[in-house]
Amino acid sequence: MAYNLLKGKKGIIFGALNENSIAWKVAEKAYEEGGRFILSNAPVALRMGNIQELANACETEVIAADATNVNDLENLFKHSMEKLDGKIDFILHSIGMSHNVRKGLPYDKLDYHNYMKTIDISSMSFHKVLQTARDLDAINEWGSVVALTYVAAQRTLYGYNDMADAKAMLESIARSFGYIYGRDKKIRVNTISQSPTPTTAGSGVRGFDSLLDFTERMSPLGNATASECADYCISLFSDLTKKVTMQNLFHDGGFSSMGMSYRAITQYNKSFEDCND
Ligand SMILES: NC(=O)c1ccc[n+]([C@@H]2O[C@H](COP(=O)([O-])OP(=O)(O)OC[C@H]3O[C@@H](n4cnc5c(N)ncnc54)[C@H](O)[C@@H]3O)[C@@H](O)[C@H]2O)c1
């Protein structure tokens, strides 16, 4: 059911690659809620994915931008303001990638060139988006910027690798820029810490299926889906959350507050049933 929460609002949504992407669901819901927006992704992703289908369904267009490239971002913001007839109100940063994760290099055998790329793509790009928007004065007062993150920023989770460091930095950027943007322009900056979700980026993490099962058993409300994450994003873009800023908001069915659950320990105990030690 739609509530017109984004009626009259305009935005930019980064990171929709295919129908599993969290950004894809956010775009669908933003459209349902009356928002108008531009879709953006890296040039290579436009060739790999099917973002144009999404653009057609949402009556919009795609502007390519490598989010690590400030020139691309400037071009994106300028063209978005032209196409949307003015400044924007919301931005979703739904971008993450690690070549170290992709290549299966463990945390104590990282390739440092890859490590820098991880940071540039997955966290510094968020600073670049914010700084470019601010330099161009591209966001209206009471606008809202959201980036997606993961609990590995606070707790060590096997297999998340250098992405954990990138997410810690991403969350810190939300606080540091959130202060400046809030003070000067009344613009909110937050991160949403989402449950493991079966997407292209998520499934690349080592042991992802077991992680998904484990967090499902640990979370009193179960894992949050991509579609539920999209609902939460919409609420943060809406005027119902105007005084929420500089926060890392867990959207994980309660996982981040759990130590052990009955469902998880029961499953764990099964592994001892056939052995004596
Ligand atoms: N899937 C999960 O389990 C999970 C959990 C918590 C947080 N997140 C975060 O959610 C966000 C979206 O990921 P997703 O799970 O929807 O996967 P996804 O693979 O669908 O999305 C990742 C996107 O990042 C884009 N991207 C990569 N490099 C880029 C660049 N240089 N410039 C612009 N875009 C670039 C990709 O093209 C892709 O669209 C990421 O920040 C991810 O870390 C995912």
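Atoms within each ligand, like the ligands themselves, are counted from 1 in listed order. FYI, the numbering just counts along the sequence from 1.
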Tabulate below the donor-acceptor pairs under 3.5 Å that side-chain atoms of residues 35-48 make, not counting sequence neighbours, or state none.
unit_1: S40; atom_1: OG; unit_2: I63; atom_2: O; d: 2.8
unit_1: N41; atom_1: ND2; unit_2: A16; atom_2: O; d: 3.0

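- Within the 4.5 Å cutoff, no side-chain heavy atoms of F90 are placed close to those of V145.
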For a distance cut-off of 3.5 Å, show me each N or O of ligand 1 paired with any protein N or O, plus the separation.
unit_1: ligand 1; atom_1: 1 (N); unit_2: T197; atom_2: O; d: 2.9
unit_1: ligand 1; atom_1: 1 (N); unit_2: T199; atom_2: OG1; d: 3.1
unit_1: ligand 1; atom_1: 3 (O); unit_2: T197; atom_2: N; d: 2.7
unit_1: ligand 1; atom_1: 3 (O); unit_2: T197; atom_2: O; d: 3.3
unit_1: ligand 1; atom_1: 15 (O); unit_2: T199; atom_2: OG1; d: 2.5
unit_1: ligand 1; atom_1: 16 (O); unit_2: I22; atom_2: N; d: 2.9
unit_1: ligand 1; atom_1: 17 (O); unit_2: T199; atom_2: OG1; d: 3.2
unit_1: ligand 1; atom_1: 19 (O); unit_2: A201; atom_2: N; d: 3.0
unit_1: ligand 1; atom_1: 20 (O); unit_2: S21; atom_2: OG; d: 2.6
unit_1: ligand 1; atom_1: 31 (N); unit_2: D66; atom_2: OD1; d: 3.0
unit_1: ligand 1; atom_1: 32 (N); unit_2: A67; atom_2: N; d: 2.9
unit_1: ligand 1; atom_1: 34 (N); unit_2: N41; atom_2: OD1; d: 3.3
unit_1: ligand 1; atom_1: 37 (O); unit_2: N41; atom_2: OD1; d: 2.7
unit_1: ligand 1; atom_1: 37 (O); unit_2: N41; atom_2: ND2; d: 3.4
unit_1: ligand 1; atom_1: 39 (O); unit_2: G15; atom_2: O; d: 2.9
unit_1: ligand 1; atom_1: 39 (O); unit_2: N41; atom_2: ND2; d: 2.8
unit_1: ligand 1; atom_1: 41 (O); unit_2: I95; atom_2: O; d: 3.0
unit_1: ligand 1; atom_1: 41 (O); unit_2: K167; atom_2: NZ; d: 2.9
unit_1: ligand 1; atom_1: 43 (O); unit_2: K167; atom_2: NZ; d: 2.8

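- Between F272 and Y268, the angle of the ring planes goes over 60°, which puts this pair in the perpendicular group of the 30/60° scheme.
- A cation-pi arrangement is found for R183 relative to Y179, the charged atom lying closer than 6.0 Å to the ring centre and inside a 45° cone about the ring normal.
- Ring-plane geometry between F14 and H93 is classed as tilted, the angle between the planes lying from 30 to 60 degrees on a 0 to 90 degree scale.
- Two residues are said to be in side-chain contact when any heavy atoms from C-beta on lie closer than 4.5 Å; P220 and M258 meet this criterion.
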